[in-house]
Amino acid sequence: MLKMAELNLVTDWDKTFPKSDKVNHKKATFINKYGITLAADMYIPMNVEGKLSAIAVCGPFGAVKEQCSGLYAQTMAERGYLTIAFDPSFTGESGGQPRYMASPDINTEDFMAAVDFLSVQDNVDADKIGIIGICGWGGMALNTAALDTRIKATIVSTMYDMTRVNANGYFDSENTEEQRYEKKKAMNMLRTEEYKKGEYSRAGGCLPLPVPEEAPFYVKDYSEYYKGRCYHARSLNSNEGWNSLGCQSFMNQPILKYSNEIRSAVLIMHGDKAHSYYFGKDAYDAMVKDSQYTANKELLTIPGAVHTDLYDNLEVIPFDKMEKFFIENGVD
């Protein structure tokens, strides 16, 4: 039997959003099938009895649960769900060595392990579990939904396909074999150098504020969130970023290959002014193409919203729609 590691968990409220007076909050830990112990914040609605529907939340890619995944989890708990927001393997308060690594396989397993954990809670109805994936964890959520038949409904918010962006660059601007070869060549040279040194370098997080005027809008958008209004000391994007080689395996592993086999309900929501909008639209198209299970799939385009509006802008994030979608699809 796998044994959970002892984690050094912060007990003080250190989130980037205010604490709700409508839910109880506590720390939780669970273990994935690789033996990595994951840290989570659990949010439980006050004054409720019986078994609750439950939701696991993760993302964005390079964020921590004290940022927007926690905001989503707490808000959905205010609406009656038992929720957890968790840190992926190798990041935040979760275990795993070396630090600041990512893996399409292990990170998909992280989501499935969160479903394991929720399924055995005494106050959870195991037949009413949903997941929410934000940004790069939107793609992970779709991959998880294609694997885990216990999940009744999945919501994907302002998503990235991390395999596509690593293989092809932003806006598919580096999508030739020659360009990929040069990227792989540089990465593998770095592997040799780092192996000799016996230590790993960091790729760098978001640009410090103020961001140069000539930088693209989405770069400024990220920095204003991660370096500004929602800075967190454990967030990779707020600080030195991922391990420089942390995402190398993503280049060869398209995680959305079997998304059109998802039978459970999926809502993909994206702002039409987001630089990442193409990920959401294309993911939806791929999910419904040649699929027998399209009646419970939906693409929600939010007019005027940029990428990080769906991180923390409570006037833009469609929580009413999200709750309705979960209720209509068995997570009620």
Side-chain angles (χ1 to χ4, degrees), residues 57-63 67-69 71-72 102 104 107 131-146 153-175 206-207 211 214-226 228-230 237 247 250-251 254-257 259-260 262 265-289 291 294 296-322 324-325:
V57 190
C58 195
F61 196 76
Q67 295 172 313
C68 73
S69 62
L71 175 63
Y72 272 67
N107 293 151
I131 62 173
I132 299 172
I134 306 163
C135 189
W137 278 81
M140 299 294 182
L142 289 177
N143 196 36
T144 305
T154 299
I155 293 180
V156 170
S157 179
T158 196
M159 72 160 283
Y160 265 51
D161 175 353
M162 293 308 302
T163 55
R164 179 176 176 180
V165 75
N166 275 281
N168 297 337
Y170 277 98
F171 316 114
D172 297 327
S173 61
E174 301 171 354
N175 65 346
C206 295
L207 291 178
V211 176
E214 63 272 16
F217 171 78
Y218 72 91
V219 173
K220 298 177 184 177
D221 193 31
Y222 279 137
S223 291
E224 287 169 0
Y225 179 82
Y226 286 108
R229 66 184 184 272
C230 287
N237 294 340
C247 300
F250 281 75
M251 293 184 69
I255 56 175
L256 303 185
K257 181 174 176 61
S259 64
N260 67 343
I262 300 173
V266 178
L267 169 65
I268 296 176
M269 52 192 204
H270 226 121
D272 66 354
K273 300 303 181 185
H275 70 282
S276 52
Y277 186 34
Y278 70 103
F279 288 127
K281 289 190 297 182
D282 290 356
Y284 176 80
D285 290 343
M287 180 174 60
V288 300
K289 183 180 180 181
S291 172
T294 59
N296 58 358
K297 307 299 188 295
E298 185 176 348
L299 173 64
L300 174 65
T301 296
I302 302 172
V306 301
H307 186 82
T308 65
D309 279 334
L310 290 175
Y311 282 10
D312 65 337
N313 190 334
L314 296 179
E315 295 182 359
V316 174
I317 303 171
F319 283 113
D320 288 343
K321 168 64 178 178
M322 294 166 64
K324 183 173 184 287
F325 183 81

For residues [X] and [Y], report the shortest heavy-atom separation together with the two atoms involved.
X	Y	answer
Cys68	Pro60	SG-CD, 3.2 Å
Thr301	Tyr277	OG1-OH, 2.7 Å
Cys206	Ser223	CB-OG, 3.6 Å
Thr163	Pro254	OG1-CA, 3.6 Å
Val211	Ala215	CG1-CB, 3.5 Å
Asn166	Cys247	OD1-CB, 3.6 Å

I'd like to know whether Phe319 forms a side-chain contact (heavy atoms from CB on, under 4.5 Å) with Leu314, so could you lay out the CA-CA distance, the side-chain angles of the two residues, the decisive distance to 0.1 Å, and finally the verdict.
CA-CA 8 Å; Phe319 283 113; Leu314 296 179; 3.8 Å; yes
Could you measure the distance from the [atom1] atom of [X] to the [atom2] atom of [Y]? Nearest 0.5 Å is fine.
X	Y	atom1	atom2	answer
Lys220	Leu207	NZ	CG	11.0 Å
Ile131	Thr154	CD1	OG1	4.0 Å
Lys281	Leu299	NZ	CG	9.0 Å
His275	Thr158	NE2	OG1	7.5 Å

Student check: side-chain heavy atoms of [X] and [Y] closer than 4.5 Å:
X	Y	value
Leu300	Phe325	no
Leu142	Met159	yes
Asn107	Trp137	yes
Pro318	Leu310	yes
Met322	Met269	yes
Leu256	Met287	no

Going by the side chain to side chain contact (heavy atoms under 4.5 Å, CB included) test, name the single residue among Ile317, Asp312, Ile155 that passes it with Tyr72.
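Only match with Tyr72 under side chain to side chain contact (heavy atoms under 4.5 Å, CB included): Ile317.
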Could you go through Asp309 and Lys273, starting from their C-alpha distance and side-chain angles, then the distance that decides it, and tell me whether this counts as side-chain contact (heavy atoms from CB on, under 4.5 Å)?
CA-CA 10 Å; Asp309 279 334; Lys273 300 303 181 185; over 6 Å; no
Of the options Tyr170, Phe171, Tyr160, which is the one that meets Tyr278 in a ring-ring contact (aromatic ring centres under 6.0 Å, His included)?
Phe171
Intermediate values then yes/no, side-chain contact (heavy atoms from CB on, under 4.5 Å), Asn260 and Lys289:
CA-CA 6 Å; Asn260 67 343; Lys289 183 180 180 181; 5.5 Å; no
Pairing donors with acceptors under 3.5 angstrom, does anything connect the side chains of Thr308 and Tyr226?
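Result is no, nothing qualifies.
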Could you tell me whether the side chain of Asn237 and the main chain of Phe61 form a donor-acceptor pair under 3.5 Å?
yes
Check for a donor-acceptor pair, side chain of His270 on one end and backbone N or O of Ser276 on the other, with a separation under 3.5 Å.
yes
Which is it for Asn175 and Arg164 under the side-chain contact (heavy atoms from CB on, under 4.5 Å) test, yes or no, and what are the steps along the way?
CA-CA 9 Å; Asn175 65 346; Arg164 179 176 176 180; over 6 Å; no
